[in-house]
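Working notes for the structure below.
Here is the naming used below: chain letters follow the sequence lines, and residue numbers restart at 1 for every chain.
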Amino acid sequence: MSYDFINIEEKWQKYWSGNKVFKAYNNSTLPKYYVMDMFPYPSGAGLHVGHPLGYIASDIYSRFKRHKGFNVLHPQGYDSFGLPAEQYAIQTGRHPSETTKENILRYRKQLDRLGFSFDWSREIRTSNKDYYKWTQWMFIKLYNSWFDLKSNKARSIDELISVFEKNGNYELSASKNESSEEFNSKRWNSFSDQKKEKILLDYRMAFLSETEVNWCSKLGTVLANDEIIDGLSERGGYEVIRKKMTQWSIRISAYSDRLLSGLNDIDWPDPLKEMQRNWIGKSEGSLVKFDILNFDNQIEAFTTRPDTIYGVTFVTLAPEHSLVELITKGENKNSVNNYILESSKKTERDRMSDVKSISGVFTGAYALHPLTNNKIPIWISDYVLAGYGTGAVMAVPCGDQRDYNFANFFDLPIVNVFKDIDISKEAFKEKDNFVLTNSEELNGLDFKKGCLLALKKLEKLDKGSHEINYKLRDAVFSRQRYWGEPFPVYYRNNMPVMISEKYLPIELPDVDKYLPTEDGKPPLGNSSNWAWDTLNNIIVSNNLIDNEIVFRMELNTMPGWAGSSWYFNRYMDPTNKDEFASKKSLDYWKEVDLYIGGSEHATGHLLYSRFWQYFLYDLGLVPVKDYAKKLINQGMILGNSAFVYRLNGTNTYISKELINRQHVQLIHVDIRYVNSNDELDLESLRKWQPQFKEAKFEFENDKFFVKREVEKMSKSKYNVVSPDEICEKYGADTLRLYEMFLGPIDQAKPWNTAGITGTFSFLKKFWNLFHENENFNVVIDKPSSESLKILHKTIKKVNKDIENFSFNTSVSAFMICVNSLSAIKCNNRSVLESLTVLLSPFAPHICEEIWSKLGHKETISFVKYPEYNSDYIKEDNIEYPVSFNGKLKFKLIQESSLVIDQIKQNVISDQRTNNFLDGREIKKIIIVPGKIINIVC
RNA sequence: GCUUCGGUGGCGGAAUUGGUAGACGCGCUGGAUUCAAAAUCCAGUUCUGUAAAGAGUGUGGGUUCGAUUCCCACCCGAAGUACCA
């Protein structure tokens, strides 16, 4: 009987889903374990072999935990709102919900084929109204909250209102938008409702404000910072400019500190934590206040180097700084305005590529040095970023290279505050190896002491304060797109009003066109039924808008990260109609124990979702702060692209070695037409694309070779390998094993189909262990000690490897095990049974088949996982000396204690140790519990 | 520039706290089986050398009886980030 993987896999996949084998229950006496994958975006292209890598790893771990007696939750769903579906809708006119459904169906089919143990009864889709109802609900919660800096948590807006009513906002310490207005309770109570609303909006966790946004006109929408790469849009690579727009934002910056310190408590990969730390960008320093000559206003500048305060020779403002207009005087007005205009025209990309050129203009105004009262000029320059710190810099040319360059370029004075340090060529940027000079009372101090004293002086004069600054910006939450969650918001008197939770979900309306309207309104502006009737509490026709009962709705939709920021909680109770998840289910599952996904989400989804969970936690809606205890980033599987060389301007292609400095272009060709020797099948190529039909080819030795290169797998590069082809040819079990065998889970690695024969023949050998001459043949006898040794070595290694997520080495261990067992022709039932259970997380179909052939009725998935017994392995007790330092150390292979005489004998008979002993006598033997033996001589 | 991670055969990659470097797989070579091929099985495969032997984990130093592993300097690669004051 040969290994018929096609039938076996089909049979068991049917069995598993038919019997709901992997359904997880919210009440169980078993300990819980929650394994989650980052849910996919169902794109039109389908899966390639790179996609399932993480799913296979998480599936192995889930199955392993099931064997270990855990109640495992292993769900899957779809992040189904998003731009690609909408782009497709724009091009074809088909409704995104239609194409999304199709794509999901195809994804599901492909996933099912790999034998995953997902509990599909818990599937969720972010674009389902039953789901986004709760996304909208949470948005309302954000809107109705403010952030209290004293208790460092989000609180209900009602509490803020009562604070205002009692004390005004003088004593309040809250995270808010820049608004200078201060009021006492009396004034607050005298404000109109609209005015109150306006003020409250500055404090809400979700707020509307005019902010500078990244506008991508090609995509017709704003983008978050993490959606921009090298100044171009991540999707499409289009130009992005800065633009002021009224937008919803989420006050994620309030959580900077907690998001940063929370990293210490979670088991996430270090590089990823580091990325989040950089993105949050904490820096500690001082806020320095500069009076302005002839004005009442002050310029606040953030600096990390208050010790160099005496080196300040000018102040630079960002062109967008709010004081620029006020302080610019007559003759400077023109040049300043021109400069502002020009820098606002620059795209992100221009600004970035323009880093080296120096530009700026003098405002004509002067600031006063806070300690010396010297007059120092105020300049503007776009090297100062409006979005960071206060948008103002106290320029210290001697200590900062940009200030240095700027001062030299515009011939501004430079004061050297570093004793005996040469700054004639460049600024001195170090924080060590200097003492201060030219700095009055700071003279002779180093960085640390200088900072302390400078700050103390500034504080005394009320000219400065200690300040911590973060790079993390509030997240823009509006998208001018169709395929996203609608806001549960209508506008009354131009102020946003939340629709009551009772009437959720606010369903996405149908539109004819998915592009923004011509007057720049988002696509929802194309809907004729997008108004809110406050009497009946329903969506009605736009014609009925009277601004008394019927009001216009918010036209923007939420960004992609809204739905993905809390989905892990929904899996716990996915069909709940009354809550996003019941308290009982939340308390039972608590958090994700293992989360697997790509590191490309480090500063997007993985930061937003942490924030979102913190927020829910503050409101007492979830029981844990951080939702994922452990996270693993799977590396990408790369494609092995093939190229042909085309002579420039011709339709002639030349084989790889014939280039000889001719001018050529590289053209991707489909890797299916290239064999493992990089030879191209020209006949198939000619049929593939018309340009090759009549093309000329120059051969070397009658063969045509292509150039190979490893790059990302993508349809457009013609290097995609589909899991379906592999399943057809070798089966899902082989694919699963091979993907794990390819290398460490977290490393990027190129796909190479040729290598798969190794894991395929391993499975055949495994199958043959149970079969002899076409018959299933295992015997019940006493297992040989040799077979037990082989088995238990493997059990030990595999258990350890799975716990360490070192799946590639456990596959190796299986291969060694099967080879060794077949070498000694072992067909002992108990040994092979244990091996089958051991292998089943990796190759579930074949193991399930064999399990049933062994006469078991239950599915293999819940059988107790084999544990190793050291008694079977013990043998060579001493390996070799470990270290020699007056003492000799021996490493033991087994923990079992040893007879001292045996050690002595071994030591003396071993030639290597004999050399070390050099004739000396063994005085004392110390056995250390940690497997090490010290021999003193 | 800064931060982080990495550099081991023809290739993907193994190697516990420093202890026989190259497990396992691919590829390659030879052999068996076959009319032949596929498949399968056996043997070999770091490099130099016929061999004996020697060299060898990016480079150069150091610690150590012993270094892929620890320390210092440098080179190269990948990822992230960047007028961040």
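- For the C1' atom pair drawn from B:rG13 and B:rC65, the interatomic distance equals 31 Å after rounding to whole Å.
- A close approach under 4.0 Å does not occur between any side-chain nitrogen or oxygen of A:Asn752 and OP1 or OP2 of B:rG27.
- Nearest-nucleotide positions on RNA chain B for A:Ala748 and A:Glu274 put A:Glu274 closer to the 5' end.
- The NZ atom of A:Lys793 sits 12 Å away from the C1' atom of B:rA23 (whole-angstrom rounding).
- One interatomic measurement links the two molecules: CG of A:Asp746 to C1' of B:rU4, which rounds to 13 Å at whole-angstrom precision.
- Taking atom P in both B:rA38 and B:rC26, one finds a spacing of 16 Å when rounded to whole Å.
- Separating the C1' atom of B:rA14 from that of B:rA23 is a span of 5 Å, rounded to the nearest Å.
- A straight line from CD1 of A:Ile637 to P of B:rG12 spans 15 Å, rounded to a whole angstrom.
- Summarising the geometry, atom CD belonging to A:Glu430 is positioned 9.5 Å from atom CZ belonging to A:Phe418; distances are rounded to the nearest 0.5 Å.
- When rounded to the nearest whole Å, the span between CG of A:Leu385 and C1' of B:rA85 equals 9 Å.
- A:Ile380 has its CD1 atom 22 Å from the P atom of B:rA85, to the nearest Å.
- For the OP1/OP2 pair of B:rA85 and a distance below 4.0 Å, the side-chain nitrogens and oxygens of A:Tyr388 include at least one atom meeting the criterion.
- If you measure from atom CG of A:Leu53 to atom C1' of B:rG12, you get 14 Å, rounded to the nearest angstrom.
- Between the CG atom of A:Leu737 and the P atom of B:rG12 there is a distance of 21 Å, rounded to whole Å.
- Of the listed nucleotides (B:rC24, B:rG80, B:rC83), B:rC24 has the atom at the smallest distance from the side chain of A:Ile816.
- Comparing the P positions of B:rU3 and B:rC72 gives an interatomic distance of 15 Å, to the nearest angstrom.
- RNA chain B contains the following stems of three or more consecutive Watson-Crick or G-U pairs, with both distances under 3.5 Å: B:1-7 with B:75-81, B:10-12 with B:24-26, B:27-32 with B:40-45, B:46-48 with B:53-55, B:58-62 with B:70-74.
- Considering A:Asp307, A:Thr303, A:Thr308 in turn, A:Asp307 is the only one that fulfils the side chain to side chain donor-acceptor pair (under 3.5 Å) rule with A:Arg305.
- The main-chain N or O of A:Pro397 is never found under 3.5 Å from a side-chain atom of A:Arg402 such that the two would form a donor-acceptor pair.
- If you measure from atom OH of A:Tyr738 to atom C1' of B:rC24, you get 13 Å, rounded to the nearest angstrom.
- Only the P atoms considered, B:rG7 is 35 Å distant from B:rG30, to the nearest whole Å.
- Within 4.0 Å (heavy atoms only), A:Asp403 reaches no atom of the nucleic acid at all.
- Between A:Trp751 and A:Tyr738, the angle of the ring planes goes over 60°, which puts this pair in the perpendicular group of the 30/60° scheme.
- Between A:Lys800 and A:Glu803 there is no salt bridge, since no side-chain N of the basic residue sits under 4.0 Å from a carboxylate O of the acidic one.
- Taking atom P in both B:rC70 and B:rG1, the straight-line distance is 25 Å, to the nearest Å.
- In this model, the phosphate group of B:rA14 is approached by a side-chain N or O of A:Asn808 to a distance below 4.0 Å at OP1 or OP2.
- A:Gln401 meets the side chain to side chain contact (heavy atoms under 4.5 Å, CB included) test with A:Tyr404, A:Asn405, A:Glu426, A:Ala427, A:Lys429; sequence neighbours excluded.
- Of all the heavy atoms in A:Asn640 and A:Ile671, the pair that sits closest is O-CG2, 3.1 Å.
- Side-chain atoms of A:Ser812 lie closest to B:rC24 of the nucleotides B:rA85, B:rU4, B:rC24.
- In this structure, of B:rC83, B:rC84, B:rC24, it is B:rC83 that holds the atom nearest to the side chain of A:Asp382.
- Taking the six-membered ring where the residue is Trp, A:Phe410 and A:Phe406 present tilted rings, their angle falling between 30° and 60°.
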A:Lys749/A:Leu638 under side chain to side chain contact (heavy atoms under 4.5 Å, CB included): CA gap, chis, key distance, verdict: CA-CA 6 Å; A:Lys749 50 218 161 236; A:Leu638 304 163; over 6 Å; no

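- Minimum atom distance to the side chain of A:Pro744 is reached by B:rG13, of the listed B:rG13, B:rG25, B:rA85.
- Here the side chain of A:Phe741 is nearest to one of B:rC84, B:rG25, B:rA14, namely B:rG25.
- For A:Ala754, whose side chain is taken as the heavy atoms from C-beta onward, the closest listed nucleotide among B:rC26, B:rG25, B:rU4 is B:rC26.
- Comparing the C1' positions of B:rG54 and B:rG58 gives an interatomic distance of 22 Å, to the nearest angstrom.
- Using a 30° and 60° split on the angle between ring planes, A:Phe5 and A:Phe760 fall in the perpendicular class, above 60°.
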Restricting to nitrogen or oxygen on both sides, can you table the protein-nucleotides 36-45 of chain B pairs closer than 3.5 Å?
residue	atom	partner	partner atom	Å
B:rU40	OP1	A:Lys764	NZ	3.4

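- Relative to the side chain of A:Arg402, the nucleotides B:rG80, B:rG25, B:rC83 differ in distance, and B:rC83 lies closest.
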Criterion side-chain hydrogen bond (donor to acceptor under 3.5 Å, both in side chains) on A:Asn469 and A:Ser283, from CA distance to verdict: CA-CA 5 Å; A:Asn469 213 330; A:Ser283 57; 5.5 Å; no

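- Distances shown here put a side-chain N or O of A:Gln747 below 4.0 Å from the OP1 or OP2 atom of B:rG13.
- A sub-4.0 Å separation between OP1 or OP2 of B:rU81 and a side-chain N or O of A:Arg277 is absent.
- Summary of the strand contacts: A:Gly755 and A:Ser283 both lie near RNA chain B, and taking for each the nucleotide with the nearest heavy atom, the more 5' one is attributed to A:Gly755.
- Atom C1' of B:rG22 sits at a distance of 14 Å from the matching atom of B:rG10, rounded to the whole Å.
- Each of A:His601, A:Met275, A:Gln276 was checked for a side chain to side chain contact (heavy atoms under 4.5 Å, CB included) with A:Leu607, and the lone residue meeting it is A:Gln276.
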